[in-house]
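Right, one structure below, let's go through it.
Worth saying up front: this structure is predicted, and the values here are computed from it rather than measured. In each ligand, atom 1 is the first atom listed, and ligand 1 is the first ligand listed.
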Amino acid sequence: MSLKLHHLNASRSQRIVWLLLELGVPHEIVHHSRDPETRLAPAALLAIHPMGKSPLLEDGDTVIAETGAIAEYLLAKHDPDHALHPRADSADFPRYLEWVHAAEGAIFLPGLFRFYLMNAGLLDTPLAASMEAEQAKAMKTIEGHLAKHAYFAGEAFTAADCLMAFQVQSAAAMGALEALPATRAWLEKVQARPAYKAMLDVGV
Ligand SMILES: N[C@@H](CCC(=O)N[C@@H](CS)C(=O)NCC(=O)O)C(=O)O
């Protein structure tokens with residue numbers, strides 16, 4: 001088995017565990033644990049890639065970082081029939097790309113920034129307020145999209161749903177989905193998928 005995923009507990013690398021299970025590709029998972037105090041990744045990851053973050057995928061001698069890049073790599077190599085990603089000539093393709101990249105971009109960054117500000121005791125600042133407003137805008141954008149479409153890329157489940165789930169789950173954990181019924185319905189639907197449940201069994 002040449003595919004090896006380095007997975008960090010309680011991290012967004014769970015999206016790649018899920019994607020591997022959706023694809024049904026044989027793989028090995030190497031579990032890493034966050035430092036209980038700093039919450040940072042262990043040095044073992046630094047030995048594999050200079051950023052020392054998770055997820056990291058090893059495919060033989062190739063090491064690849066960044067969730068979006070790993071997802072694209074896996075889909076290009078292991079989804080020849082495009083079951084989980086639209087073809088480039090499909091009408092869904094632009095929307096698919098947008099969400100795949102938004103998952104680590106405009107949708108995720110305000111929440112991440114706010115998390116850092118909270119850890120630094122800086123939540124009561126204009127910057128934190130502006131990040132909160134950006135987060136609310138991101139959730140409104142998601143709700144507006146999911147009120148019109150069954151999934152992020154359109155009417156079919158794709159890898160964009162795996163990539164966006166962590167952000168939506170984080171919002172749910174903070175009680176931010178109460179006024180967002182389409183987003184809540186989408187989350188329930190994707191969490192009912194067998195591969196999602198199998199991902200939970202792997203230990204995230
Ligand atoms: N943009 C990267 C982010 C990777 C990242 O920051 N991973 C976090 C887990 S959610 C991590 O490894 N944190 C531990 C650390 O920074 O030491 C991606 O999409 O993979």
Run the side-chain donor-acceptor check on residues 100-120: report pairs under 3.5 Å with partners two or more places apart or on a different chain.
{"residue": "Glu104", "atom": "OE1", "partner": "Arg12", "partner atom": "NH2", "Å": "3.2"}
{"residue": "Glu104", "atom": "OE2", "partner": "Arg12", "partner atom": "NE", "Å": "2.8"}
{"residue": "Glu104", "atom": "OE2", "partner": "Arg15", "partner atom": "NH2", "Å": "2.8"}
{"residue": "Arg114", "atom": "NH1", "partner": "Gln135", "partner atom": "OE1", "Å": "3.0"}

Please tabulate, for the side chains in residues 174-184, all donor-acceptor contacts under 3.5 angstrom to protein atoms that are two or more places apart in sequence or on a different chain.
{"residue": "Thr183", "atom": "OG1", "partner": "Glu143", "partner atom": "OE1", "Å": "2.5"}
{"residue": "Arg184", "atom": "NH1", "partner": "Leu177", "partner atom": "O", "Å": "2.9"}
{"residue": "Arg184", "atom": "NH1", "partner": "Glu178", "partner atom": "O", "Å": "2.6"}

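At a threshold of 4.5 Å between non-hydrogen side-chain atoms, the residues Val204 and His7 count as touching.
The existence of a salt bridge linking Lys53 and Glu66 is excluded, since no basic side-chain nitrogen approaches an acidic carboxylate oxygen closer than 4.0 Å.
Residues passing the ring-ring contact (aromatic ring centres under 6.0 Å, His included) test with His49, sequence neighbours excluded: none.
The contact shell of ligand 1, taken as protein residues with any non-hydrogen atom closer than 4.0 angstrom, comprises Leu8, Ser11, Arg12, Arg34, Leu40, Ala41, Lys53, Ser54, Pro55, Glu66, Thr67, Glu104.
Between Phe152 and Trp186, the angle of the ring planes goes over 60°, which puts this pair in the perpendicular group of the 30/60° scheme.
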